[in-house]
Enquirer: 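Please see the structure below; I have some questions.
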2 protein chains.
Amino acid sequence: MNKEREIFIRFLEKSGLKATAQRATVLDIFLKTEKHVSADDLFSLVKKTNTEIGHATVHRTLKLIKAAGLAREVDFGEGKKRYEHLFGHKHHDHLVCLKCGKTIEVLDPKIEKLQANLASGHGFKVSHHRLEILGICKSCQ
Amino acid sequence: MNKEREIFIRFLEKSGLKATAQRATVLDIFLKTEKHVSADDLFSLVKKTNTEIGHATVHRTLKLIKAAGLAREVDFGEGKKRYEHLFGHKHHDHLVCLKCGKTIEVLDPKIEKLQANLASGHGFKVSHHRLEILGICKSCQ
DNA sequence: CTTGATATTGACAATCATTTTCAACTACAT
DNA sequence: ATGTAGTTGAAAATGATTGTCAATATCAAG
Ligand SMILES: [Mn+2]
Ligand SMILES: [Mn+2]
Ligand SMILES: [Zn+2]
Ligand SMILES: [Zn+2]
């Protein structure tokens, strides 16, 4: 919350960008949800507080939040981006239910290790990876 | 090649669909490239042979090729789908170069196994998974 | 071969997420 | 307080994909 705001403000300063009310609102509302939100999800949430903020601004601000290291983009193959909190959250992968859309966050250090080995074995310098396991969750079966 | 054509024709029959010249052309050209093609890539290739085929038809036919089990959709996070051969190719994951776009096909049975365990440990019934490791390839470093 | 029911086609418009444009507006260093 | 950038929302543009529809092709039946 406050730590994140701090980081965001510093990021803006450092980048020669301005701290505006719109950016503060979008960040605050993003931080308040623990879901994997799309730009449009967030736009809807933002509208409840401030009808004046445009959707382009939400898109633009999400990009900044990501650039500030506060969000990670995730892609569940829906044809749109989703964002999740990054600050204070460790890396994880996702199980995605094809029926109800529920996601479970998972992490297997052995998989992470093997992935790194696999890439370096091909001379690849890894930036990041994306692992999604798609299927039907327990309660949807 | 011929085996795939056979499979495609059978799939069309079985589904009450018709074997048209356009579908044959799109399939043939898809089979001739070993790349991960987008619909538009394929449309460009098709146009060299037959100027009369529309882009909607290429999209529609790729869907059919996938439904027939001859192609797999891959998503490198570019905001568009790509397709690769499925018939006679075993499952693999990808290393994707963020600089030149090159992809390397990789497979680690240990990772595959651990993924399956991870999912079943959460009561998930896996349909498929997507693993892409993004980074900089050897020659781009 | 001809027919006719039904599927398919390409052109075009529509959709959806995201980005761009631009003129009015705001932040903030001086 | 003022000027210079950067920022904003609205609307238009973009790019991938899909829907619509009238004209056309397929193919099983006669
Ligand atoms: Mn997550
Ligand atoms: Mn591949
Ligand atoms: Zn579910
Ligand atoms: Zn490269």
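Chain A is the first sequence line, chain B the second, and so forth, proteins listed ahead of strands; every chain is numbered from 1. All values below were derived from every heavy atom in this structure, side-chain atoms included, with hydrogens, water molecules and symmetry-related copies excluded.
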Enquirer: Who passes ring pair (Phe, Tyr, Trp, His ring centres under 6.0 Å) against Phe30(A), sequence neighbours left out?
Expert: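 If we apply the ring pair (Phe, Tyr, Trp, His ring centres under 6.0 Å) test to Phe30(A), skipping adjacent residues, the hits are His85(A).
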Enquirer: Taking salt bridge (Lys or Arg N to Asp or Glu O under 4.0 Å) as the definition, give me every residue that meets it alongside Arg60(A), ordered by chain and number, with sequence neighbours left out.
Expert: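 For Arg60(A), no residue satisfies salt bridge (Lys or Arg N to Asp or Glu O under 4.0 Å) once neighbours in sequence are set aside.
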Enquirer: With side chains defined as the heavy atoms from C-beta onward, is the minimum distance between Arg23(B) and Leu17(B) less than 4.5 Å?
Expert: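 The answer is yes, as the side chains (C-beta and beyond) meet within the 4.5 Å cut-off.
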Enquirer: Hydrophobic clusters join Ile, Leu, Val, Met, Phe, Trp and Tyr when side-chain heavy atoms are under 4.5 Å apart, directly or via other members; which others share one with Ile136(A)?
Expert: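 Other cluster members: Val74(A), Phe76(A), Val96(A), Leu98(A), Leu134(A).
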Enquirer: Please list every donor-acceptor pair under 3.5 Å in which a side-chain atom of residues 47-55 of chain A meets a protein atom from a residue at least two apart or in another chain.
Expert:
| unit_1 | atom_1 | unit_2 | atom_2 | d |
| --- | --- | --- | --- | --- |
| Asn50(A) | OD1 | Glu52(A) | N | 2.7 |

Enquirer: Measure the distance from CZ on Phe8(A) to P on dT7(D) and round it to the nearest whole Å.
Expert: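 From Phe8(A) CZ to dT7(D) P: 10 Å.
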Enquirer: Would you say the side chain of His94(A) lies within less than 4.5 Å of the side chain of Glu105(A), judging by non-hydrogen atoms?
Expert: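 Contact flag for Glu105(A)/His94(A) side chains = yes.
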Enquirer: Salt bridge (Lys or Arg N to Asp or Glu O under 4.0 Å) with Arg130(B): which residues, sequence neighbours excluded?
Expert: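 Arg130(B): salt bridge (Lys or Arg N to Asp or Glu O under 4.0 Å) contacts with Glu132(A).
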Enquirer: Does anything in residues 34-55 of chain B reach DNA chain D, meaning a heavy atom under 4.0 Å, and if so which residues?
Expert: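 Hits under 4.0 Å, by residue number: Ala39(B), His55(B).
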Enquirer: Considering residues at least two apart in sequence or located in another chain, which fulfil the salt bridge (Lys or Arg N to Asp or Glu O under 4.0 Å) criterion with Glu78(A)?
Expert: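 Glu78(A) satisfies salt bridge (Lys or Arg N to Asp or Glu O under 4.0 Å) with Arg82(A) once adjacent residues are dropped.
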Enquirer: Quick one: side-chain contact (heavy atoms from CB on, under 4.5 Å) partners of Ala119(A), sequence neighbours excluded?
Expert: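 Per chain and number, Ala119(A) pairs via side-chain contact (heavy atoms from CB on, under 4.5 Å) with Phe124(A), Val126(A), Leu95(B), Ile133(B).
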Enquirer: Would you mind checking if Arg5(A) and Asp28(A) are paired as a salt bridge, meaning a charged N to carboxylate O distance below 4.0 Å?
Expert: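 Salt bridge between Asp28(A) and Arg5(A), a charged N being under 4.0 Å from a carboxylate O: yes.
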Enquirer: List, one per line, each side-chain donor-acceptor pair under 3.5 Å for residues 64-73 of chain A, sequence neighbours excluded.
Expert:
| unit_1 | atom_1 | unit_2 | atom_2 | d |
| --- | --- | --- | --- | --- |
| Lys66(A) | NZ | Glu73(A) | OE2 | 3.0 |
| Arg72(A) | NE | Glu84(A) | OE2 | 2.9 |
| Arg72(A) | NH2 | Glu84(A) | OE2 | 2.8 |
| Arg72(A) | NH2 | His92(A) | O | 3.0 |

Enquirer: Just to be sure I understand the geometry, which residues of residues 15-24 of chain A put a non-hydrogen atom under 4.0 Å away from DNA chain D?
Expert: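 Here the set is Gly16(A), Leu17(A), Lys18(A), Thr20(A), Gln22(A), Arg23(A).
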Enquirer: Can you list, by residue number, the residues of residues 60-74 of chain A that have a non-hydrogen atom closer than 4.0 angstrom to DNA chain C?
Expert: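 Close to the strand are Arg60(A), Lys63(A).
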Enquirer: Counting only non-hydrogen atoms, which of residues 76-85 of chain A are less than 4.0 Å from DNA chain C?
Expert: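 Under 4.0 Å from DNA chain C: Gly79(A), Lys80(A), Lys81(A).
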Enquirer: I want to check something: taking the side chain as every heavy atom from C-beta on, are Lys99(A) and Gln141(A) in contact at a cut-off of under 4.5 Å?
Expert: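 Heavy-atom side-chain distance check fails, nothing below 4.5 Å.
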Enquirer: Can you tell me how far P of dT14(D) sits from NE2 of His59(A), to the nearest Å?
Expert: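 After rounding, the reported distance stands at 18 Å.
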Enquirer: Answer yes or no: is there a side-chain heavy-atom contact under 4.5 Å between Cys137(A) and His122(B)?
Expert: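 No, their side chains stay 4.5 Å or more apart.
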